[in-house]
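To start, the structure under review is shown below, and the notes come after it.
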Amino acid sequence: AVKDFLNDAVTQTLKTTFELLQGGLDTSKADGIGGMFQQFLSVHPATFTGGGSTGATAIWTTIEKVCNDAVVPVAGMVFAIVVINDLMQMVMSNNNFKDIDDSIFVRWILKVVCGVLLISNTYYIASGFFAFGTKATATAMTTLLGTNAFSGNISVASDYGIGMLIVLLLLSLIILVGVFVMLAVIVVVLASRMIEIFMYLGISPLPMATMMGGQWSEVGKNWFRGLVALAFQGLFIILALGIFSTMFTNAL
């Protein structure tokens, strides 16, 4: 009787873990974590709703307005300081104003024109990288997870002794708690990632204003690296879950 009780307890605990993963990561569902994957990873920020059915572009429009109306003018002033300092360095580098090459002014004008174009369109350039990232993530999600992320039969051998069954029960409880923690962490990561995306988009003209200015360009380059990493972060999350689903199914 004790063996039967422990056997059933282990089986039910593993089945609960299995159903939790299967239901939570089923990307075909509109609710639950599977719905969050669809909404937070495979959807471009322009169509992100935050899980709501109304105001589909409210967040995107708000961030776009703040960026164009408030951040771009500040970025313009920063850009002016950067390019003026860059011009002074270019002129002074030639024997302290004694040997001036006229071509430096042509290069400086081209740099200013390119900088102005980049700053005024940075928001849309940055959103283009997220278009590539969300497309790759959506394809990986369909390929690796689909609607059957976890499949397999759960059973416990009948010839296990009481000691082995107790150990299996403890391990299965640890796995169940670990799955709860993992799903909670996934929810936090998905939500914080989307907030970070809009923060990156909102201030995008400021780091771009430094891209054209010598030592200042490191600020823009670091921001650009972070932007690309953030755009493809969803793909890495799906790949990690795909590997985990394969390992979990094989373990069953």
Please lay out, stage by stage, how I195 and M199 fare under the test side chain to side chain contact (heavy atoms under 4.5 Å, CB included). CA-CA 6 Å; I195 294 174; M199 291 177 65; 4.0 Å; yes
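Note that CD1 of I174 is 11.5 Å distant from OG1 of T13, once rounded to the nearest 0.5 Å. Note that the OG1 atom of T16 and the CG atom of L173 stand 10.0 Å from one another [nearest 0.5 Å]. In this structure, CG in N222 is found 12.5 Å from CG in L227, a value given to the nearest 0.5 Å. Of the inter-residue distances, the one linking L118 atom CG with K111 atom NZ reads 12.5 Å to the nearest 0.5 angstrom. Note: T122 OG1 to L201 CG = 10.5 Å, rounded to the nearest 0.5 Å. With rounding to the nearest 0.5 angstrom, the OG atom of S127 is 13.0 Å from the CD1 atom of I63.
Hydrophobic cluster membership is shared by Y124 and F132, with clusters built from Ile, Leu, Val, Met, Phe, Trp and Tyr side chains linked at under 4.5 angstrom. A single hydrophobic cluster is seen to contain both F224 and L117, as judged by linkage of ILVMFWY side chains at heavy-atom distances under 4.5 Å, directly or through other members. Cluster annotation: F198 and F130 are assigned to the same hydrophobic cluster (Ile/Leu/Val/Met/Phe/Trp/Tyr, side-chain heavy-atom contacts under 4.5 Å, transitive).
Within the 4.5 Å cutoff, no side-chain heavy atoms of Y123 are placed close to those of P205. The shortest distance between side-chain heavy atoms of V112 and F79 falls below 4.5 Å. Between W223 and M208 there is a side-chain heavy-atom pair separated by less than 4.5 Å.
Looking only at distances, no side-chain donor or acceptor of R193 sits under 3.5 Å from a matching main-chain atom of Q233. The closest donor-acceptor contact from the side chain of W108 to the backbone of I84 lies at 3.5 Å or more, if one exists at all. Of the possible donor and acceptor atoms, none in the side chain of N85 sits under 3.5 Å from a partner among the backbone N and O of I81.
Checked against a 6.0 Å centroid threshold, the rings of Y200 and F129 do not count as neighbours.
Applying the side-chain hydrogen bond (donor to acceptor under 3.5 Å, both in side chains) rule to pairs touching residues 128-139 yields nothing, sequence neighbours excluded.
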